[in-house]
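Here the structure comes first, spelled out in structure tokens, and everything after it is commentary.
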Protein chains: 2
Amino acid sequence: MTDTKTKLLDVAERLTQTKGFNGFSYLDLAEEVGVKTSSIHYHFKTKADLALALVDRVHGAHVAAFGQLDAQVPNAENRLAAIVEVFEGYVNDDKFCLCGMLSAEFQSVSPAVRGRLRTYFQDMRSWVAKQLNEMGFTDSDNRSLSFVSSLEGSLLLARLNGDASLIGSALEQVKQN
Amino acid sequence: MTDTKTKLLDVAERLTQTKGFNGFSYLDLAEEVGVKTSSIHYHFKTKADLALALVDRVHGAHVAAFGQLDAQVPNAENRLAAIVEVFEGYVNDDKFCLCGMLSAEFQSVSPAVRGRLRTYFQDMRSWVAKQLNEMGFTDSDNRSLSFVSSLEGSLLLARLNGDASLIGSALEQVKQN
DNA sequence: GTAACTATCTATATATCGATAGGTATTTTG
DNA sequence: CAAAATACCTATCGATATATAGATAGTTAC
């Protein structure tokens, strides 16, 4: 029996990824979860607090996923491929990246969220750089920037065109040299 | 010729690029331009119509800019650099790409806008591919996808970190061989 | 076993949303 | 000139936004 707070985060996450954080209301959220809007305010005092909780949760989940990949997948290229697959999966669900979305809406999110977004992408870049380094690239710092940028940008284009394969195509370039 | 309509588009464009299309209201727009919200409805019957007008205008402007660059800048690499500079300029104005923003908010825009966004990015990719082809790349089709993806993604990261140079760094990879 | 806490509800407040009706100058056109 | 179109306005609608107060039932702590 999933608790209400988790359900709220699940639905809010999906709505943010599909329509944007400013593209849904507490009423939308309440009706989907089956509670009243006042109950959402009980768990997340303001909508800004909900945004913060969303970023924190996805950040934690991704850091954990990075750790699991490091421990379980014995090849850096395959580890990177696993992340690419996650993003390809978004396309089929008509989703953008949650932190990419909030970064797009940057000027309408709280300073606290802005800080978290910077940390999220910094952590992602660091992890990607580590993989690229293991793959033998000497310019892993700059290449990781290119990797993450292409990942976000190609996801935007892939969803727009309903073609998940655009992500892999765009990233091929980054792995060349 | 009333320039109210132009002013409305100018401000709406900036608000979309900074806060997202769902991040501002007709009242925000009206107050900045100095008219009443009913006047906005006179020029753009619904907010969806405003979105359409925004995409159409920027699409026309960019197609025109591509043509001017082709006519006036005698080197493909410099022509590409000119586009990169436009995106670097966005960072200093805390803007994202207008069509990138609406693509992020994809699930909350009208089917008409979705179609226009596809055309916008298709035209951009075609033009970039032409430049890359002139630069001697034989994989210009795939490389243009990588270029545009990196451009959009790195703009997201650049604004997030207030560092316009991230765009050029990310794109260096694409121009390598 | 009662006091405090948790998680929800009802009910409401205040503000704003996009949108429309209808009026009024000004400009254009036949 | 008169009719029509243009570009605003005032006034207002119904719906929805985020948010709060206070009641209630169930659970936990002392």
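Basis for what follows: all heavy atoms, side chains included, without hydrogens, waters or symmetry-related copies.
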Give one of base, sugar-phosphate or nothing for A/Lys47, where a contact means two heavy atoms less than 4.0 Å apart.
-> sugar-phosphate

So what does A/Thr46 hit on the nucleic acid, given a heavy-atom distance under 4.0 Å: a base, only sugar-phosphate, or nothing?
-> sugar-phosphate

Using OP1 and OP2 only, check whether a side-chain N or O of [X] sits under 4.0 Å from [N].
| X | N | value |
| --- | --- | --- |
| A/Tyr26 | D/dT18 | no |
| B/Lys45 | C/dG18 | no |
| A/Tyr42 | C/dA7 | yes |
| B/Ser25 | C/dC17 | yes |
| B/Ser39 | D/dC9 | yes |
| B/His41 | C/dA21 | no |
| A/Ser38 | D/dA19 | no |

Residue pair A/His43/A/Thr37 against DNA chain C: nearer the 5' end by closest nucleotide is A/His43

Is the NZ or CZ atom of B/Lys47 both under 6.0 Å from the centre of the six-membered ring of B/Phe24 and within 45° of that ring's axis?
-> yes

For B/Glu88, what residues pass the salt bridge (charged side-chain N to carboxylate O under 4.0 Å, His left out) criterion, not counting sequence neighbours?
-> none

